[in-house]
Amino acid sequence: MPGVPIYLETFGCQMNELDSELVRGQLLRLGYSFVDAPEQAEVVLFNTCSVREHAESKAYSRIGLVGKRKAQGERVLLGVLGCMAERDGLDMLRRYPQVDVMCGPGELDRLPALLDAARRSEAASQAERVALAGNRTRRSAVLSAVQDDLETLDLSRAFDPDAEGRRAHSAQVRITRGCNKFCTYCVVPYTRGAEVHRPPDHVIDECKRLADAGAIEITLLGQTVNHYRYEHGLAVTVGGREAPQIGPGLQAFRSPIPEGKRVTTFARLLQRIHDEVPAIQRLRFVTSYPRDFGRDILQVMRDCPRICRYLHAPAQSGSDRILGLMNRGYTRAQYEDFVHEVFEILPDATLAGDIIVGFPGETDEDFQATCDLVRTLPFKNNFIFKYSPRPGTIAIDRFPDDVPDEVKRLRNNQLLALQSETSARVHANWVGREVDVLIEECFTDAAPARVPAGGVELRWEGQRAAAGKRALRGRTAGDLIVAMDAPSGAEPESMVGQIVQARVDRSAALLLHGSVLPNTVAAGA
Ligand code: SAH
Ligand code: SF4
Ligand code: F3S
């Protein structure tokens, strides 16, 4: 399909952003081109998210717009990819006949064939245009075959560090697909399927290739990254290479590795990437699960200077009763112990998380317990979400959504205000210190950067009134946002994608203000 223009829009999490990047690479190699506006496209693809109703409504409104164009006689092919396709299934085709192609997140390697069939013939059958996993991804025999194909998609990625719209010189690498935790509110185990770990050699090869192509920061992705575990000598593909492997279950984290078994734990994987791919200046990972986060991981983080001492480890709630209903598998005290251990081993670590307010049955007392957690633990930020009942989850069946929306909103706002105070305290601690900053953007005081963080948009308060003064924005290894005046004499645009050293001069609620230290462009930048 040479030159056919595609518009691809992504909703949802980093996992989806990575999927979109892989899809884009795959389709570019087949000769498709990409455009920035849906009106210019012959193929419109939405890579969707189902995690909250709001995410779905946004995608549905876009689907509606494409429907209007088609009703007016425009020839455009509409594909819905990702978690919403998987969750809605064929029901979406019935309700939105303008949808031509559907592809779940576990089937993306099949997307080119689906598009091809749909473009060649309007009469293409549903089977030729729809690829969803259904319950298949939880049946292990079929699972391996599917995962092998998906694996090819990750392994064959093309990486262009200068591609527009990407965070400079940053790349993401998946280590685990899917999730087995079944938190009662969450769709992910249903849309992404069973937890499957990629072979460590595949992950390391991918990191090497990304580093060769210019990446200096890599984020490892998994829904519960610390539960990564790969047992060697089990599954071997026909080609003799190791294959993706289904997660072992939580018992595996509670007992020592049996003698004679060769296992790559998450700690070991981190250590290997750190040692075998030294060109990566910053190795980070999301999302951490607060349970079974081994001390060995913290020790590796302490001992390896290029692993960022940053944890995104969502607490979700500060109330034991609610944590139980959520099936999170830890108590508040266990969460607190985990955080204390983190700071004991890594005193300069930074901590971020997610919180859900208004979970079914959440009383004022439960909410106060969450407030208390946010007040007392050093979260640099928390993403705060109002509980959204999701079809297919355990919570929607078992617990009525009985906290009124008004109360959810109030709690959301109260918690944001509280988080802002905590963030201000955390940030104030960094004043006077020297930090490495990976520059991500160059902007002018007159047009301040808009940085989404913890649901709040930050505005750079330019130190000088002079409109047009150039400024830089970047992140520390601990993911703290730093804004700085561009040093005089430097070409600020050329600093994007480099690591510089800066002194932190002052702090705001969610932002540090710093000065670039002269002659301190750090090694590798
Ligand atoms: N695997 C990660 C989270 C992935 S989903 C973890 O376990 O931490 C990202 C966040 O969305 C979750 O941490 C949770 O705070 C929020 N979330 C998930 N389902 C939700 C729902 N039904 N309503 C509101 N927020 C939800
Ligand atoms: Fe969802 Fe829980 Fe899995 Fe995170 S750990 S993706 S919240 S089920
Ligand atoms: Fe959304 Fe699926 Fe990610 S539901 S949060 S896109 S895993």
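Atom set for the values below is all heavy atoms of this structure, side chains included, hydrogens, waters and symmetry mates excluded.
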Legend entry - Heavy-atom pair with the smallest gap, counting every atom of Pro305 and Asp303: CD-O, 3.5 Å
Inset, instruction - Sequence neighbours left out, what passes side-chain hydrogen bond (donor to acceptor under 3.5 Å, both in side chains) with Ser423? Give chain and number order. - result: Gln419
Legend entry - Lys181 NZ: over 12 foreign heavy atoms closer than 6.0 Å: yes
Inset, instruction - With sequence neighbours left out, write down each residue that passes side chain to side chain contact (heavy atoms under 4.5 Å, CB included) with Thr219, or none if nothing qualifies. - result: Gln14, Gln172, Leu221, Arg284, Val286
Legend entry - Which residues share a salt bridge (charged side-chain N to carboxylate O under 4.0 Å, His left out) with Glu341, sequence neighbours left out: Arg295
Inset, instruction - Check side-chain hydrogen bond (donor to acceptor under 3.5 Å, both in side chains) between Gln316 and all other residues, then give those that pass, not counting sequence neighbours. - result: Tyr185
Inset, instruction - Can you sort out the partners of Ala55 under side chain to side chain contact (heavy atoms under 4.5 Å, CB included), two or more places apart, ordered by chain and number? - result: Cys49
Inset, instruction - Kindly determine whether Phe293 and Phe253 satisfy ring-ring contact (aromatic ring centres under 6.0 Å, His included), including the steps that lead there. - result: CA-CA 9 Å; Phe293 193 105; Phe253 298 94; over 10 Å; no
Inset, instruction - Please list, chain by chain and in numerical order, all residues satisfying salt bridge (charged side-chain N to carboxylate O under 4.0 Å, His left out) with Glu434, sequence neighbours excluded. - result: none
Inset, instruction - Using side chain to side chain contact (heavy atoms under 4.5 Å, CB included) as the criterion, point out the one residue from Val101, Leu111, Thr10 that pairs with Leu45. - result: Leu111
Legend entry - Set of side-chain hydrogen bond (donor to acceptor under 3.5 Å, both in side chains) partners for Ser319, sequence neighbours left out: Asp366
Quiz: residues 197-204 side-chain donor-acceptor pairs under 3.5 angstrom, not counting sequence neighbours:
residue, atom, partner, partner atom, Å
His197, ND1, Thr176, OG1, 3.0
His197, NE2, Glu195, OE2, 3.0
Arg198, NE, Glu151, OE1, 3.1
Arg198, NE, Glu151, OE2, 2.9
Arg198, NH1, Arg174, O, 3.0
Arg198, NH1, Glu206, OE1, 2.8
Arg198, NH2, Glu151, OE2, 2.9
Arg198, NH2, Glu206, OE1, 3.0
Asp201, OD1, Arg272, NH1, 3.2
Asp201, OD1, Arg272, NH2, 3.0
His202, ND1, Glu151, OE2, 2.6

Inset, instruction - Could you pull out all residues at least two apart from Arg433 that satisfy side chain to side chain contact (heavy atoms under 4.5 Å, CB included)? - result: Asp348, Asn429, Trp430
Inset, instruction - Kindly compute the distance separating CD (Glu336) from OG1 (Thr331), expressed to the nearest 0.5 Å. - result: 8.5 Å
Inset, instruction - With sequence neighbours excluded, tell me which residues meet side chain to side chain contact (heavy atoms under 4.5 Å, CB included) with Ala252. - result: Arg229, Pro248
Legend entry - Partners meeting salt bridge (charged side-chain N to carboxylate O under 4.0 Å, His left out) with Arg87 (sequence neighbours left out): Glu56
Donor-acceptor contacts, no H, no angles, side chain residues 258-266, under 3.5 Å, sequence neighbours left out:
residue, atom, partner, partner atom, Å
Thr264, OG1, His232, NE2, 2.6
Thr265, OG1, Arg268, N, 3.2

Inset, instruction - Give a yes or no on this: more than 12 heavy atoms of other residues, nucleotides or ligands lie within 6.0 Å of atom CD of Glu276. - result: yes
